[in-house]
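Right, one structure below, let's go through it.
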Amino acid sequence: MITFAIGIIMLFAGGFIYSRMVEKTFAPDDRPTPAVTMADGVDYVVMPEWKNSLIELLNIAGTGPVLGPIQGILFGPLAFIAIPIGNVIAGSTHDYFNGMISMRNEGKQMPGLVSKYLGPGAHKVYLVVLMVLMILTGVVFVYTPGDLIVGPILGMDASPDQAVIWIVYAVIFSYYLLATLFPINTIIGRIYPIFGCILLISAVGVFIGVMMDGGKNLLNVWEADQWQFKPAGNAPFIPVFFITVACGILSGFHGSQSTLVSRTVASEREGRTTFYMMMVLEGFIAMSWAAGAMVLYNRQPNLINDINATGMVSVISKEFLGSFGGILAILGVIVLPITSGDTAFRSVRLMVAEQFHIDQKPQKNRLMTSIFIFIPAVAILAFAKLNAGGFNLLWRYFGFSNQFVACFALAMSTVYLIVHRKNYFITLVPLIFYTFIVTSYICHAPIGLGLEARLLNQPESYMISYAIGFVVTALVTFVVRKYGFDHREQIFKLEPIYQGK
């Protein structure tokens with residue numbers, strides 16, 4: 001219990017203090033935002049700070065901060081320290097700079113920002129990877145809520161040979177299409193406050209349930225030897241934990257959502273609350289579900305073999321909140337992916353439109369662009385549902401690409417800070433760490449190169465992958481700094497200049 005309590009204090013106290021430093025580094029001012037200067041009634045719409053904050057929280061909080069920590073807690077109580085430190089230093093900082101830099105650049109989406117600050121070569125790679133990630137995100141966030149609706153809520157069979165699961169998938173896709181087509185304040189801006197209440201009630205409910213347990217089932221880091229569970233294959237904490245627990249610590253998907261909300265913020269001074277602190281709240285969600293999973297695994301060790309992470313959502317909810325509260329908590333978890341999936345597809349529409357210069361004011365253009373996106377998404381969903389292990393494969397690639405995309409965003413922010421002669425180490429340090437994480441993971445993982453298994457016949461070893469990770473990290477650090485300093489004057493000439501009122 002002590003470790004968990006320390007982690008919660010680190011998350012909120014650390015977030016409050018560090019966010020001030022991050023804000024001071026960026027230095028928001030009173031210049032008009034894109035929501036004011038470029039208002040179009042569709043994507044550029046001024047909305048109040050409380051509504052933007054709720055939308056940002058729901059956009060970024062998919063099933064990641066629930067399913068990820070449930071699996072990540074298998075690494076033991078060290079998770080309660082890693083989540084808040086990573087959230088404060090990496091994840092929240094990442095989200096803040098993405099949103100604020102976008103706001104300074106007419107609400108550009110991440111591909112446009114990467115092109116400006118990292119160059120056309122990085123832009124081409126990033127655009128492909130990001131669009132794949134966004135479509136995978138949308139598919140994952142149809143699959144998981146659909147199965148939760150049919151299973152725990154309706155009490156029916158969610159297997160692919162049952163018509164009901166496909167009907168539910170179709171309903172979710174239909175909602176996504178509407179949310180993608182209509183102006184942001186028509187659907188998203190109206191229903192998100194309701195979803196936000198359900199989300200927060202479910203997370204707080206699990207947290208209270210954990211507290212009422214008395215702490216006897218929450219181990220501390222110095223009691224780690226008492227933790228009887230291990231991740232699959234005895235995977236090492238670095239890098240696997242940080243790939244498993246993305247949302248709640250750092251997620252590249254969030255960059256696309258921060259830039260989306262940057263088009264509806266009335267003042268730059270709202271950025272700290274809207275972007276940084278909402279990520280801190282996501283960290284709280286992750287901590288709560290991780291703690292809930294640890295308590296139940298200690299109470300009922302058989303759960304680790306009898307039920308998967310998705311099933312644990314229902315078990316944790318009903319254990320701590322009772323039947324009615326459990327259903328409410330499950331609804332909260334259903335809300336999480338749905339309120340990220342809709343904006344994931346919306347973000348892809350904006351990226352495609354921005355890349356190919358398609359005017360999004362006419363509804364016909366928005367419809368055609370959306371259809372182009374939804375066709376491959378439906379095909380991927382069908383593959384994942386109809387093939388054994390299809391969804392597990394989808395989830396693993398989703399997790400890796402999520403962190404890979406975040407490295408581009410951190411590199412972009414680092415160059416921006418170099419250009420403006422500010423403390424660029426605030427984003428460079430997370431970039432260094434996560435470059436090593438994604439490189440060593442993909443070099444070792446079976447879904448990647450599997451180097452140790454192929455070259456050494458030692459799948460448990462990370463010797464080669466760690467070595468390559470160090471080399472690639474050093475190279476990326478050198479290249480990003482060099483690019484920033486070499487192009488500082490050239491990029492600065494393109495920056496908007498604000499003379500004050």
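Index from 1, following the sequence.
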From [X] [atom1] over to [Y] [atom2], what is the distance, rounded to the nearest 0.5 angstrom?
{"X": "Glu282", "Y": "Leu57", "atom1": "CD", "atom2": "CG", "value": "7.5 Å"}
{"X": "Ser115", "Y": "Leu127", "atom1": "OG", "atom2": "CG", "value": "9.5 Å"}
{"X": "Asn52", "Y": "Thr264", "atom1": "CG", "atom2": "OG1", "value": "3.5 Å"}

Handout entry: Phe207 and Phe4 aromatic ring geometry - parallel, tilted or perpendicular at 30°/60° bounds
Key =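 Because their plane-to-plane angle lies in the 30° to 60° range, the rings of Phe4 and Phe207 count as tilted.
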Next on the checklist: Classify the ring geometry of Phe237 against Phe75: parallel below 30°, tilted from 30° to 60°, perpendicular beyond 60°.
Outcome noted: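 Phe237 vs Phe75 ring planes: perpendicular.
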Sub-3.5 Å donor-acceptor pair from the side chain of [X] to the main-chain atoms of [Y], do we have one?
{"X": "His444", "Y": "Tyr462", "result": "no"}
{"X": "Glu452", "Y": "Ile464", "result": "yes"}
{"X": "Ser92", "Y": "Asn87", "result": "yes"}
{"X": "Asp95", "Y": "Tyr276", "result": "no"}
{"X": "Asn98", "Y": "His94", "result": "yes"}

Distance-only polar pair, side chains of Asn105 and Tyr416, donor-acceptor under 3.5 Å:
no
If you measure only the distance, is there a donor-acceptor pair under 3.5 Å linking the side chains of Arg104 and Tyr498?
no
Ala377 meets the side-chain contact (heavy atoms from CB on, under 4.5 Å) criterion, sequence neighbours left out, with Ile135, Val139, Phe173, Phe345
Check: Phe242 ring centroid to Phe433 ring centroid under 6.0 Å:
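Yes, the ring centres sit under 6.0 Å apart.
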Mind listing the side-chain donor-acceptor pairs of residues 470-478 below 3.5 Å, one per line with the distance, residues two or more places apart or on another chain?
residue, atom, partner, partner atom, Å
Thr473, OG1, Phe436, N, 3.2
Thr473, OG1, Gly469, O, 2.7
Thr477, OG1, Thr473, O, 2.8

Could you please spell out the steps behind the side chain to side chain donor-acceptor pair (under 3.5 Å) verdict for Ser262 and Ser102? CA-CA 6 Å; Ser262 75; Ser102 172; 2.8 Å; yes
message = Using a 6.0 Å cut-off, check whether atom CD of Glu106 has over 12 heavy atoms from anything other than its own residue.
response =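 Not more than 12 within 6.0 Å, no.
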